[in-house]
Amino acid sequence: MRNCFLIVLLNWISFLLLHCAALEFITTPEQIKKNGYPAESHQVITEDGYFLTMHRIPSSPKFPTNKKKPVVFLQHWFGGSSADWVFFGPEKSLGYLLADAGYDVWLGNNRGNTYSSNHTTYSITSHKYWDFSFHEMGVYDLPVVIDYILNKTREPNLYYVGISMGTTMFFIFASERPEYNRKIRLMIALAPMVFVDKSTSSIFAGPVNTLTSILRITDVYGIRRGKANEILSNYVCTDRALRTNCVDILFSVVGYDPKQLNESILQKFLTYFPEAISVKCLLHYFQLYTTGGFHQYDYGEKVNMVKYNQRLPPQYNLKAVTSKVVLVYATNDRLSKVQNVQQLNKVLPNPVEMYQVPHPSFNHVDYIIGKDVKTLLNDNIINMIKKY
Ligand SMILES: *[C@@H]1O[C@H](CO)[C@@H](O)[C@H](O)[C@H]1NC(C)=O
Ligand SMILES: *[C@@H]1O[C@H](CO)[C@@H](O)[C@H](O)[C@H]1NC(C)=O
Ligand SMILES: *[C@@H]1O[C@H](CO)[C@@H](O)[C@H](O)[C@H]1NC(C)=O
């Protein structure tokens with residue numbers, strides 16, 4: 001594994017490197033164990049052939065008990081992995097804080113990432129392998145993962161906490177597989193990404209159509225962690241000025257919040273981000289941004305007719321999402337905008353709370369790497385879990 005790392009997001013045409021971090025990549029179970037917690041890995045296979053690995057923190061040295069515990073499942077975002085919930089350490093990361101509070105913590109890993117990269121028949125270098133968006137994660141991955149966890153723990157239901165794309169997948173899952181709603185005790189949606197047309201992120205600000213064409217022409221369907229690293233090492237920026245520029249680009253994508261940014265934490269975070277990137281996920285978001293709807297992937301009229309038997313892609317039926325939902329949002333988040341979260345709140349049948357993170361400049365990445373993420377967010381997540 002190369003030490004030198006990595007990116008700022010995709011500022012419409014290019015990937016830009018953030019900086020060169022001489023930090024070692026440590027797997028999620030190793031990180032958990034290093035911090036004195038037990039860690040487990042579990043594997044499932046999806047209906048369409050992907051091997052997915054879940055990580056688990058079954059208990060905490062601060063909460064020793066043999067009793068059965070309620071289960072919390074944490075689902076990462078685009079380009080993420082289970083590492084997102086533990087890399088900040090036991091003082092701040094939600095994975096540990098939940099274990100300390102007496103929960104059985106399970107961490108998802110999306111198809112394509114370091115821990116979920118195998119497939120029964122497709123090679124990870126083939127187009128077929130990468131032909132998925134968050135639609136497939138919702139329809140195929142979450143059902144098998146949740147069934148596995150509930151069977152293993154003998155629990156009737158679980159708490160689902162998802163961030164960003166982890167919420168997109170959930171709302172697809174709960175609308176396309178409505179029979180699963182009874183298995184969700186509560187959904188806590190952090191920075192919900194369902195309706196995204198009000199986004200002011202620079203990722204959507206450019207000519208989305210041009211970017212879409214470029215992605216198609218370049219014939220890149222998916223980028224793995226190591227591969228992304230390779231491509232991006234050409235853009236290594238080590239000097240201070242460039243680093244500042246890179247941070248500016250990051251802020252243009254997620255919202256400006258220097259108060260919550262600790263550069264050494266960001267550097268550490270970039271050892272784990274980005275994980276796998278499926279271009280189809282991005283294109284699907286671009287479509288949602290353009291149409292303002294929440295619908296399946298648009299293949300164009302001809303293919304849509306074959307796949308969906310209609311010219312336009314079908315809208316997901318959010319009315320079928322009967323789970324209790326808490327929507328957590330921040331006023332300065334450029335990707336998950338307040339108006340869009342309010343719109344979602346109006347459509348859902350069973351929203352129980354809208355929670356605004358009490359920090360005016362809180363942005364999309366602060367949910368994971370914000371300096372005060374424990375007091376501003378994570379403690380409150382645990383309170384919500386206790387409350388509902
Ligand atoms: C993928 O499969 C290979 C070969 O069977 C195995 O060595 C590797 O551990 C698997 N990786 C994961 C993440 O399951
Ligand atoms: C549940 O787990 C048991 C073993 O723990 C296994 O035999 C059974 O097949 C599982 N059921 C499902 C539906 O996964
Ligand atoms: C940033 O994080 C590092 C590593 O955790 C810590 O030592 C340092 O005190 C932090 N700096 C600020 C300004 O919070």
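One-based numbering along the sequence shown. In listed order, ligands and their atoms are each counted from 1.
Distances from atom 14 (O) of ligand 3 to the protein include at least one heavy-atom value under 4.0 Å.
Side-chain atoms of N110 do not come within 3.5 Å of backbone N or O of H76 as any donor-acceptor pair. In this structure a side-chain-to-backbone donor-acceptor pair under 3.5 Å is missing from S82 to G108.
Nearest protein heavy-atom contact of atom 5 (O) of ligand 3 is I265 CD1, 3.7 Å. The closest protein non-hydrogen atom to atom 4 (C) of ligand 3 is S264 OG, 3.6 Å. If you check which protein heavy atom lies closest to atom 6 (C) of ligand 3, you get N262 ND2, 4.1 Å.
Counting non-hydrogen atoms of neighbouring residues, nucleotides and ligands closer than 6.0 angstrom, the OH atom of Y256 reaches no more than 12 such neighbours.
If you look at Y355 and Y329, their ring centroids are not closer than 6.0 Å.
Considering backbone and side-chain atoms alike, K371 places every N or O at 3.5 Å or more from each N or O of ligand 3.
The aromatic rings of F362 and H359 lie perpendicular to each other, with more than 60° between the two planes, well past the 30° mark.
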